[in-house]
Protein chains: 2
Amino acid sequence: MQLSNTSKYTIRILAYMVNHKDTGPISAKELSENLTIPYKFLTKIMTELTRVGFITSTRGREGGFQFLREASKITIADIMELFNDAIKDEACILGIESCNSKKKCAMHDQWIKSKVQLQKMFKESTIENIAGKGDKI
Amino acid sequence: MQLSNTSKYTIRILAYMVNHKDTGPISAKELSENLTIPYKFLTKIMTELTRVGFITSTRGREGGFQFLREASKITIADIMELFNDAIKDEACILGIESCNSKKKCAMHDQWIKSKVQLQKMFKESTIENIAGKGDKI
DNA sequence: ATTTAATACTACTTTAAGGTGGTATTAAAT
DNA sequence: ATTTAATACCACCTTAAAGTAGTATTAAAT
């Protein structure tokens, strides 16, 4: 019952990028060192984030990554979606295919309540608005 | 962001057992067939549930499994705990070791709210009280 | 006693996530 | 032109969860 490492890393990466967006492209090296994320794994993530258009990359010396989509338009839910980590509407907590409001699993009602609240939270949390919060850790 | 298959299976198994507790021991075969859980994987789970004292087993013909601990004393949180699936109090959603109320990660406040609600839900849901609910699916 | 139907145990295979290594490509700085 | 510091790509390794296979043990029914 937790996020994938890939989603966790991505959130921290993008939040870091918001907090350092004035000084030109940010390199994978800087991100890896400051966020203690394995370099090679991080570059794989960055390439993917570039591919889907969250960020752009500039190759070569002085290159790195910058936002393409506005940070206020990227939600935690978007990131979870990207890495197949999302809580889908139809997802049954007991993994039952045919579970829905007409034919419920044993935990349906409890779970619906929690699920809606979680989904809302993840959807309302944008990279922009979390980046300012929290301490530098 | 979901339960492990092992936890999902266990919840369904124990709920089924509550709903069929009058007719003596329930065999792994019956559980496997009625819940469409792979037989061999299910027996592994049953052995574990026996080992930790949720249920007892009787070997040999006419044998099977029965509750040892009362179903009203087994919560979803207990099951998640057993299979290393629990949402621990100190668990940071971004996976940061040193994250706590004094030194917060960027998502700390949002997550705390959801986390508390989830933990409460899982703790208050006992096998006994979910077993009666839902449709037979 | 033997058969049958059950659990228990041990070891293996498969799958997906997480992580690593090496090389090609790119572009600024020299 | 060459060096240097960056991303991109491709293939591999590791780990843990999920699932499978075979055999030993147990006890009721015959």
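Residue numbers start from 1 in every chain, and the chains themselves are labelled A, B, ... in the order their sequence lines are given, proteins ahead of strands.
With distances taken from any side-chain atom of A:Phe41 to the nucleotides C:dT7, D:dT7, C:dT20, the minimum falls on C:dT20. Closest to the side chain of B:Lys40, from the set D:dG22, C:dG19, D:dT7, is D:dG22. The side chain of A:Asn5 sits closest to C:dG19 out of D:dA18, C:dG19, C:dA28. Side-chain proximity of A:Arg61 to D:dA8, D:dT20, D:dT4: nearest is D:dT4.
Base pairing of D:dG19: its partner is C:dC12, meeting the Watson-Crick or G-U wobble criterion (both donor-acceptor distances under 3.5 Å). The partner of C:dT30 is D:dA1, by the rule that a Watson-Crick or G-U pair needs both atom distances under 3.5 Å.
Straight-line distance from the CD1 atom of B:Ile37 to the P atom of D:dG19: 10 Å, rounded to whole Å. To the nearest angstrom, P of C:dG19 lies 10 Å from NZ of A:Lys44. Between B:Arg59 atom CZ and C:dT7 atom P the separation is 10 Å, expressed in whole Å. Remark: P of D:dG19 and CG of B:Leu42 are 11 Å apart, rounded to the nearest angstrom. When the P atom of C:dC9 is taken as reference, atom CD1 of B:Ile45 falls 16 Å away, rounded to whole Å. To the nearest angstrom, P of C:dA6 lies 11 Å from CZ of B:Phe65. Atom CD of B:Glu33 and atom P of C:dA6 are 9 Å apart (whole Å). Taking atom CZ of B:Arg51 as the reference point, atom P of C:dT7 lies 18 Å away to the nearest angstrom.
Side-chain contact check for A:Gln117 and B:Lys113: no donor-acceptor pair (N or O, by modelled atom type) lies under 3.5 Å. Between the side chains of A:Gln66 and A:Thr56, no donor N or O sits under 3.5 Å from an acceptor N or O. Using a 3.5 Å distance cut-off with no hydrogens or angles, the side chains of B:Tyr16 and B:Glu30 do pair a donor with an acceptor.
Among the heavy atoms of the strands lying under 4.0 Å from B:Tyr9 are primed sugar atoms or P, OP1, OP2 only; no base atom is included. Across all strands shown, B:Thr43 has no heavy atoms under 4.0 Å from either base or sugar-phosphate atoms.
Position along DNA chain C of the nearest nucleotide to A:Tyr39 versus B:Lys29 favours B:Lys29 as the more 5'-ward residue. Along DNA chain C, the nucleotide nearest to B:Ile26 and the one nearest to A:Pro38 differ in position, and the one closer to the 5' end is contacted by B:Ile26.
At least one donor-acceptor pair closer than 3.5 Å links the side chain of B:Ser32 to the backbone N or O of B:Ile37. In this structure, B:Lys104 contributes its side chain and A:Lys136 its backbone to no donor-acceptor pair below 3.5 Å.
When the side-chain nitrogen and oxygen atoms of A:Ser57 are compared with OP1 and OP2 of D:dA8, one or more of them lie within a distance under 4.0 Å. For the OP1/OP2 pair of D:dA17 and a distance below 4.0 Å, the side-chain nitrogens and oxygens of B:Thr6 include no atom meeting the criterion. Taking side-chain N and O atoms only, A:Thr47 has a distance below 4.0 Å to OP1 or OP2 of D:dA8.
When the side chains of ILVMFWY residues are joined at heavy-atom separations under 4.5 Å, either directly or via intervening members, B:Ile93 and A:Val116 end up in two distinct hydrophobic clusters.
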